[in-house]
Number of protein chains: 2
Amino acid sequence: MTDTATDDFTLLLDDQLCFSLYAASRAVTQLYRPLLEPLGLTYPQYLVLLVLWERGALPVRELGEALRLDYGTLSPLLKRLEGSGLVRRVRRAEDERSVRIELTDAGDALRERAMGIPARIGDAMGLTAEQHEQVQGLLAGLTERVAARAAELAGRRGDRSGPTRQ
Amino acid sequence: MTDTATDDFTLLLDDQLCFSLYAASRAVTQLYRPLLEPLGLTYPQYLVLLVLWERGALPVRELGEALRLDYGTLSPLLKRLEGSGLVRRVRRAEDERSVRIELTDAGDALRERAMGIPARIGDAMGLTAEQHEQVQGLLAGLTERVAARAAELAGRRGDRSGPTRQ
DNA sequence: CCAAATTCAATCGTGCGCAATTTAAATGCG
DNA sequence: CGCATTTAAATTGCGCACGATTGAATTTGG
């Protein structure tokens, strides 16, 4: 057995890092809610716009890879963003299977109004720069390892990346 | 301005701790899925059982406080757990408004089969004991601060705890 | 004691997440 | 070329999350 964690694993709720993650993630989402509500966005919709603001128009598949979300989540979400007039869904000529997601002018303009949000979130989190980086680094590694293990167990259903691993 | 984090707040996805949290939480839930599927449980249902195994029968309200989940989530979830024969919902005589959630024998027995799960999750996370505690500690503080701020902004809608704060 | 306020829980509506299935377009291969 | 395979996206179904509303039981205050 490796040197992972406490080595006495219990079924106590507060021992479980998973619950800390789950609780933290939901708390942050709830903080976003009142900040995004004036923009008419949900948190996942905001994440989609972050990617589009950063990288420009993208096919749905690449959006999904960036956010680790599948079509089952993205398709209806993008339809709602289109309904809000923030993105266009354009069937590409080179490959008629593929749909490119483009920002409309309104979607592009929304970026201005979102500029202040990261600072407000960061402020509420109340971590120092070192803590922020530390947590982010540990979570990045954790996510990668956990996703790899999940892919093994699930029999390679969501084979997003990573080799067969034995 | 306080000493929170990087001080150059951007709209870049990978700068955002919130996304690391969101991605990590979903990855962990996906790892639980194949482990819980043989027990016929979802991850939130498993969390409810953790609390009941630890603390015994509880009114719905206290379950919700422990997990930070509201009735809108818990009521249907508990109805499904009752349908699976793992818990009973007992209207209390002293206070007819309150419903006590009790484990059935089957729910109690399931504890045995769940004993191995925390170790499997901990192993996949691949953190040392120090890292584990560090992340957990930082997330606990973060969650508390973020929830407090969210409660302020939302105008005290979900006034779960904590004073008015100015 | 009784009306107003509070509390516990359920329900409803919306929007994720995700597995599984379906459809259509593109690619590969004999 | 022709047909099987692969790929992009949408759809379906289920189970959360959560705000808002509702209803019933209890508590509070006059």
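Note on naming: letters A, B, ... go to the chains in the order of the sequence lines (proteins, then strands), and numbering restarts at 1 for each one.
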Would you indicate what [X] reaches in the nucleic acid, counting non-hydrogen atoms under 4.0 angstrom: base, sugar-phosphate, or nothing?
X     : result
B/E94 : sugar-phosphate
B/R92 : nothing
A/T42 : sugar-phosphate
B/L77 : sugar-phosphate

Looking only at the side chain of B/Y71 (C-beta and beyond, no hydrogens), which of the listed nucleotides C/dA10, D/dT26, C/dA25 gets closest?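 The answer is C/dA10.
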Closest listed nucleotide, where the reference is the side chain of A/D70 and the choices are D/dT26, D/dA17, C/dA19: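 Of all the options, the side chain of A/D70 is nearest to C/dA19.
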More 5' along DNA chain D: A/E62 or A/A27, using each one's nearest nucleotide?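 First, find each residue's nearest nucleotide; the 5'-ward one identifies A/E62.
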Quick check: on DNA chain D, is the nucleotide nearest B/G72 upstream (toward 5') of the one nearest A/R89, or the reverse? Name the residue that is more 5'.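 On the 5' side of the pair lies A/R89.
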Short side-chain to backbone donor-acceptor contact, [X] and [Y], under 3.5 Å:
X      : Y     : answer
B/S84  : B/L86 : no
A/D70  : A/T73 : yes
A/T104 : A/G85 : yes

Is the phosphate of [N], meaning OP1 or OP2, less than 4.0 Å from a side-chain N or O of [X]?
X     : N      : answer
B/Q30 : C/dG17 : no
A/Y22 : D/dA17 : yes
A/S98 : D/dT7  : no
B/R33 : C/dC18 : no
B/R80 : D/dC16 : yes
B/T73 : D/dA17 : no
A/R61 : D/dA8  : yes
A/K79 : D/dA9  : no

Closest-nucleotide ordering on DNA chain C, the 5'-leading residue of B/P76 and A/Q45: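 Nearest-nucleotide comparison on DNA chain C picks B/P76.
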Starting at atom [atom1] of [X], determine the distance to atom [atom2] of [N], rounded to an integer number of angstrom.
X     : N      : atom1 : atom2 : result
A/E96 : C/dA25 : CD    : P     : 7 Å
A/R91 : D/dT7  : CZ    : P     : 18 Å
B/L69 : D/dG19 : CG    : P     : 12 Å
A/L58 : D/dA8  : CG    : P     : 14 Å
B/L74 : C/dA10 : CG    : C1'   : 12 Å
B/L78 : D/dA17 : CG    : C1'   : 14 Å
B/L67 : D/dC16 : CG    : C1'   : 13 Å
A/L41 : C/dT14 : CG    : P     : 18 Å

Scan B/V146, B/L69, B/T143 and name whichever one has a side-chain contact (heavy atoms from CB on, under 4.5 Å) with A/R26.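 Among B/V146, B/L69, B/T143, the one meeting side-chain contact (heavy atoms from CB on, under 4.5 Å) with A/R26 is B/L69.
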Any side-chain heavy-atom pair of B/V48 and B/I101 under 4.5 Å: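 The answer is no; the side chains never approach within 4.5 Å.
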Any A/I121 side-chain heavy atom under 4.5 Å of A/L35 side chain: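 In contact.
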